[in-house]
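Take a look at the structure below.
Numbered from 1 within each chain, the chains take letters A, B, ... in sequence-line order. Only heavy atoms go into these numbers, but all of them, side chains included; no hydrogens, no water, no symmetry mates.
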Number of protein chains: 2
Amino acid sequence: MKKANITIKDIAKELGVSPSTVSRALKDHPDISQETKNQINDLAKKLNYQPNTVALSLRQSKTNTIGVIIPEIAHFFFSAVISGIEDIAHDAGYHVIITQSNESFEREVMNTKALFNSRVDGILMSVSRETENYEHLQSLLDYDIPLVFFDRIIDSLNACKVIVNDEQGAYEATTHLIEQGCYRIAHLAGPQNLAISKNRLNGYKAALADNRYMIDDNLIKVCGLGTFEEAESITNEILDYRFPPDALFANNDVAAYGAMMAIRKKKLRIPEDIAIVGFSNWRFSSLIQPALSSVTQPGFKMGQEATRLLMKQINKAEDEESITETISLKTNLVVRESSKKI
Amino acid sequence: MKKANITIKDIAKELGVSPSTVSRALKDHPDISQETKNQINDLAKKLNYQPNTVALSLRQSKTNTIGVIIPEIAHFFFSAVISGIEDIAHDAGYHVIITQSNESFEREVMNTKALFNSRVDGILMSVSRETENYEHLQSLLDYDIPLVFFDRIIDSLNACKVIVNDEQGAYEATTHLIEQGCYRIAHLAGPQNLAISKNRLNGYKAALADNRYMIDDNLIKVCGLGTFEEAESITNEILDYRFPPDALFANNDVAAYGAMMAIRKKKLRIPEDIAIVGFSNWRFSSLIQPALSSVTQPGFKMGQEATRLLMKQINKAEDEESITETISLKTNLVVRESSKKI
DNA sequence: CTGAAAGCGCTAACAT
DNA sequence: ATGTTAGCGCTTTCAG
């Protein structure tokens with residue numbers, strides 16, 4: 001026996017008043033007498049009246065929904081971002097529609113179109129790896145759909161952006177090692193065609209320079225494949241130097257893990273013989289790798305900040321000049337083990 | 001300069017026809033002449049007409065949207081589920097609204113209400129830890145909202161359910177160890193008030209029994225705290241037995257990791273001296289723990305299956321008898337290292 | 001083959 | 001203080 005959905009009309013008919021009165025009473029409009037208000041509210045509760053948001057959306061041309069387009073949901077970083085998005089959106093009374101592009105350009109375009117058709121009030125997005133054509137995104141801007149990019153942004157588009165300051169993170173990580181008293185710090189770098197890897201290398205170099213350390217190219221090794229076996233063998237190579245490093249800054253967790261393996265096999269201790277800090281997105285890295293310090297990307301915060309920016313845009317008056325902000329988030333340095341100094 | 005949204009009316013006016021004609025032409029209705037169809041389609045494309053899904057939803061009382069309520073988004077298992085949900089929903093032309101309860105009952109109730117008000121066509125949900133009152137869920141059923149539970153289900157409710165067969169997974173893991181030639185298999189169990197831990201213990205015992213192995217209570221140790229330090233010290237204890245085990249089945253990844261640490265510190269080899277299999281939800285466990293075999297929960301598949309069940313319910317005719325199915329998914333055994341036998 | 005009209009559920013300007 | 005009306009954008013029955 002399916003219960004029927006109660007509408008404002010039903011309540012109005014039952015009470016012999018007009019739908020508008022009911023509508024007003026339910027939102028506590030001052031024009032309505034307390035008596036009718038009470039009647040209406042009581043009946044509404046009794047019938048378990050639930051307002052139809054769809055009708056409201058149509059009426060107000062506002063869905064109270066934001067759309068999210070990400071490359072991949074089942075990735076710790078992105079799921080943390082989604083969580084941050086939901087957090088802020090929920091508090092602001094917004095729903096969140098999630099779509100994933102699976103790194104496919106075609107699907108990304110489909111998703112933008114679908115979200116547009118759903119008349120979401122704004123879109124948060126991290127572009128797919130394949131995306132090189134920005135028509136679909138420019139189109140959103142043309143229609144004045146509030147749009148905020150996060151993590152994988154498009155520099156050339158005039159929209160709000162939230163990114164992680166990788167260079168600063170690398171700088172901080174390297175500085176941390178320096179402060180621990182390390183004097184020969186190697187870097188397992190990432191492929192230099194990626195901005196992210198380049199930024200991290202730059203941060204590493206800047207930290208060395210600021211502390212009047214020599215930059216030794218022999219201590220900077222690019223891990224092009226991204227496998228941990230590669231990192232392991234490169235680390236091995238470095239450890240065999242006549243003057244091996246006493247610290248290592250890894251571009252990512254895979255490299256850090258490979259380095260750790262190599263070091264352990266040589267029966268060296270971490271961090272006493274050689275300290276490691278690596279960039280990491282693994283949620284449980286603290287549990288798994290208690291020996292490694294890490295620099296983590298603030299995914300949850302990124303989601304929050306991006307959503308805040310979006311809300312600001314959504315709520316700005318029609319005529320206000322829209323300002324495109326870019327927020328650069330600090331990374332977190334998580335120190336796992338007592339320092340060398342102590 | 002904001003572009004305006006084009007409606008069917010705009011097209012109709014421009015072409016001097018009625019809105020109904022445009023509506024029909026756009027969906028290739030046979031009544032409309034090819035000529036007008038072409039005109040209309042051409043103009044629609046030129047003006048970049050995008051149908052307003054909100055209006056459609058109101059008209060058809062169907063939103064083509066499903067709602068998801070989960071305890072936590074930023075958890076690998078759940079994010080895998082979401083990914084599976086999005087996968088199937090997308091193919092079926094549905095949008096996915098994500099909400100998280102953060103394990104709070106109150107918030108779960110709010111979310112169900114909000115999704116109901118949004119008139120989603122169905123709801124997928126995994127209940128919060130706090131949930132002991134099911135009125136809000138029964139209410140959904142009363143209104144005939146298609147509802148599917150996954151992972152954290154409510155047994156007593158008459159709805160579709162998708163769960164993981166933990167007992168079978170444990171059975172399989174233990175059998176695997178037996179097949180590798182292990183003869184003394186310990187079990188690091190979880191707190192026995194959780195169904196999940198009990199089921200795993202049962203699977204372990206059943207596998208032993210079916211292979212005519214003795215069940216030795218000294219080899220079954222409950223890890224109540226759930227920290228890996230605890231697992232490490234319990235493993236240590238077991239390893240000091242006069243007849244220590246040559247294999248270990250861990251209730252979860254934390255226990256497996258703790259055991260691994262203990263074993264390594266004793267300079268024993270994995271899996272030659274002692275083999276380990278553990279339940280695990282860590283995404284990168286294969287990368288991090290190449291020495292450990294694991295039993296993984298099929299999160300992605302669970303999302304897919306749950307969504308398929310939901311779609312079936314959504315698409316069933318009004319008068320059809322609704323059948324509540326329960327699907328029990330198999331776990332995956334991922335074997336990481338060459339077996340002992342070889 | 002096409003148009004007019006009604007209505008999905010709600011709100012808000014405009015009466016009374 | 002309450003009712004009437006119109007309309008958000010779309011589909012669909014009924015008429016022509």
Side-chain angles (χ1 to χ4, degrees), chain A residues 3-41 43-44 47-65 93 114 116-121 143 318, chain B residues 3-41 43-44 47-65 93 114 116-121 143 318:
Chain A
K3 270 201 210 173
N5 279 340
I6 299 296
T7 73
I8 269 188
K9 266 192 192 165
D10 298 327
I11 299 184
K13 206 176 294 174
E14 183 129 354
L15 255 44
V17 295
S18 79
S20 31
T21 306
V22 177
S23 170
R24 283 188 272 241
L26 289 171
K27 43 186 37 182
D28 205 25
H29 190 107
D31 275 2
I32 305 293
S33 76
Q34 195 53 50
E35 197 191 351
T36 29
K37 266 185 200 167
N38 290 342
Q39 273 188 62
I40 290 174
N41 281 314
L43 185 59
L47 298 178
N48 188 28
Y49 167 74
Q50 297 296 131
N52 184 329
T53 330
V54 181
L56 236 180
S57 298
L58 181 61
R59 180 70 229 263
Q60 334 248 56
S61 313
K62 178 147 189 347
T63 52
N64 277 277
T65 299
F116 179 87
N117 291 355
S118 295
R119 299 298 188 270
V120 292
D121 296 334
Y143 282 95
E318 189 65 36
Chain B
K3 269 201 211 174
N5 279 341
I6 299 296
T7 73
I8 269 189
K9 266 192 193 167
D10 299 327
I11 299 184
K13 206 175 295 175
E14 183 129 354
L15 254 44
V17 296
S18 78
S20 26
T21 306
V22 177
S23 170
R24 284 189 269 242
L26 289 172
K27 42 186 37 182
D28 206 24
H29 190 105
D31 275 3
I32 306 293
S33 76
Q34 195 53 51
E35 197 190 352
T36 26
K37 267 185 198 167
N38 290 340
Q39 272 188 64
I40 291 174
N41 282 314
L43 185 58
L47 298 179
N48 187 30
Y49 167 74
Q50 298 296 128
N52 184 330
T53 328
V54 180
L56 236 179
S57 297
L58 181 60
R59 180 70 230 262
Q60 335 246 54
S61 313
K62 178 147 192 342
T63 52
N64 276 278
T65 299
F116 178 87
N117 292 355
S118 296
R119 299 297 189 269
V120 292
D121 296 334
Y143 283 95
E318 190 66 36

Practice task
Grab the CD-P distance between A:E35 and D:dA1 for me, whole Å please.
Solution key: 12 Å
Exercise for the section: Tell me what B:S61 touches on the nucleic acid: a base, only sugar-phosphate, or nothing, going by heavy atoms under 4.0 Å. Expected result: nothing
Problem - Among C:dG3, D:dT2, D:dT4, the nucleotide that comes nearest once only the side chain of A:S33 is considered - result: D:dT2
Exercise for the section: Would you mind classifying the nucleic acid contact of A:T36 as base, sugar-phosphate or nothing, using non-hydrogen atoms under 4.0 angstrom? Expected result: sugar-phosphate
Completion exercise
Atom CG of A:L26 and atom P of D:dT2 are separated, to the nearest Å, by 14 Å
Handout entry: Under-4.0 Å side-chain N/O to phosphate OP1/OP2 contact, B:S20 with C:dT2
Key = no
Between the protein and nucleotides 14-16 of chain C, which nitrogen or oxygen pairs come in under 3.5 angstrom?
none

Problem - A:S118 side chain vs A:V120 backbone, donor-acceptor pair below 3.5 Å - result: no
Completion exercise
Contact check, residues 6-19 of chain B vs DNA chain D, heavy-atom distance under 4.0 Å, returns B:T7, B:I8, B:K9
Practice task
Side-chain contact test, heavy atoms from C-beta onward, threshold under 4.5 Å: evaluate it for A:L43 versus A:L15 and give yes or no.
Solution key: yes
Problem - D:dC10 phosphate, OP1 or OP2, under 4.0 Å from B:Y49 side-chain N/O - result: yes
Practice task
Would you mind reading off the distance between A:K27 atom NZ and D:dA1 atom P, rounded to a whole angstrom?
Solution key: 19 Å
Handout entry: Most 5' of A:A55 and B:P30 on DNA chain C, judged by nearest nucleotide
Key = B:P30
Handout entry: Residue met sooner reading DNA chain C from 5', once B:L58 and B:I32 are mapped to nucleotides
Key = B:I32
